[in-house]
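Structure incoming, see below.
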Amino acid sequence: MKLLTLNEIILTIVEETKGLDPEFIEEIILKKVDIPSTEIVRLKEELRIDVLNQNFINIILKYSWGNFCFLTYQFGYNDTYGINWLIQRNLEYEDYSTLNEAGFIIIANGDPYTILLECASGRIYTIDSETEIEERMLIAENFEQLVRGMGTGQYACWCKRETEFIQLMEHITKGIGMPFWHSLVGFY
């Protein structure tokens, strides 16, 4: 098994959802779009972010995250592109000032983790309800690696290849952040 590319992830979702209600499918397929760069300016202004990683910007502007999720992790909800959800989710977070001071934003919610972007470096971390920001767990070097890992994990669950996925992620991450990857595919 290898990490799927973003295009391969899209194709696996399309294939896996054939025959389902088109309205349902519309909400779970990662679609290429052209989001105006002014949306990033707005995101930075409203969340008071000085520096935002370019890898994250490139991917967030290229795809619609408005209703997208991988397994139990949601990247947006009831939003055309996902930018409004990012802004609202962060501003409504009770400890957003602490996240902001530390240079993080929430980019996805799930069970049991909340996924954070370190704005300047682009590294991806998780926290849970019991974890302080200082105890965050690194899970990916950048947003693309996170999305490719989560998409591959979803594919592995559909194909009953969770063990291969865990071995792949152990190799890629050198064992760092494995509690997250285990929980993603329900492999304990």
Test item: side-chain donor near acceptor, Asn100 and Ser97, under 3.5 Å: no
Could you check whether any side-chain N or O of Glu46 sits under 3.5 Å from a backbone N or O of Ile87, counting only pairs where one atom can act as donor and the other as acceptor? no
Could you walk me through whether Tyr63 and Lys31 satisfy the side chain to side chain contact (heavy atoms under 4.5 Å, CB included) test, starting with their C-alpha distance in whole Å, then the side-chain angles of each, then the deciding distance to 0.1 Å, before giving a yes or no? CA-CA 5 Å; Tyr63 298 93; Lys31 296 177 293 259; over 6 Å; no
Check ion pair Glu45-Arg42 (N to O, under 4.0 angstrom): no
Is any side-chain heavy atom of Ile40 closer than 4.5 Å to a side-chain heavy atom of Phe56? no
Indicate yes or no: at least one non-hydrogen side-chain atom of Leu3 is less than 4.5 angstrom from one of Leu168. yes
Rounded to the nearest 0.5 Å, what's the gap from CD1 on Ile49 to SG on Cys119? Could you check? 4.0 Å
Check the pair Arg136, Phe104 against side chain to side chain contact (heavy atoms under 4.5 Å, CB included), reporting the backbone distance first and the verdict last. CA-CA 11 Å; Arg136 65 193 176 271; Phe104 291 91; 3.1 Å; yes
Applying the 4.5 Å side-chain criterion to the ILVMFWY set and letting contacts propagate, would Met150 and Leu11 be lumped into a single cluster? no
Output yes when a side-chain donor or acceptor of Glu15 lies under 3.5 Å from a complementary backbone atom of Thr12, and no otherwise. no
Can the ring centroids of Phe180 and Tyr73 be said to lie less than 6.0 angstrom from one another? yes
Is it the case that the side chains of Arg123 and Asn142 hold a donor-acceptor pair, with the cut-off being a distance below 3.5 Å and no angle test? no
Do NZ/NE/NH1/NH2 and the carboxylate oxygens of Glu92 and Arg89 come within less than 4.0 Å? no
Taken to the nearest 0.5 Å, the spacing of Glu141 CD from Glu144 CD works out to 13.0 Å
Could you tell me whether the side chain of Ile107 reaches within less than 4.5 Å of the side chain of Ile124, counting heavy atoms only? yes
Classify the side-chain pair Gln88/Asn84 by whether it contains a donor and acceptor separated by less than 3.5 Å. no
Check whether Thr17 reaches the backbone of Leu20 with its side chain - one donor and one acceptor, N or O, closer than 3.5 Å. no
Would Glu164 and Lys2 pass as an ion pair if we require N to O under 4.0 Å? no
Supply the atom-to-atom distance Ile9 CD1 to Phe70 CZ, rounded to the nearest 0.5 angstrom. 5.0 Å
Using only heavy-atom distances, determine whether the side chains of Glu101 and Thr98 contain a donor-acceptor pair under 3.5 Å. no
How long is the span from the CG atom in Asp95 to the CD1 atom in Ile127, to the nearest 0.5 Å? 8.0 Å
A side-chain contact here means heavy atoms from C-beta on lying under 4.5 Å apart; do Ile166 and Met169 qualify? no
Is there a side-chain contact between Phe165 and Cys157 (heavy atoms, below 4.5 Å)? no
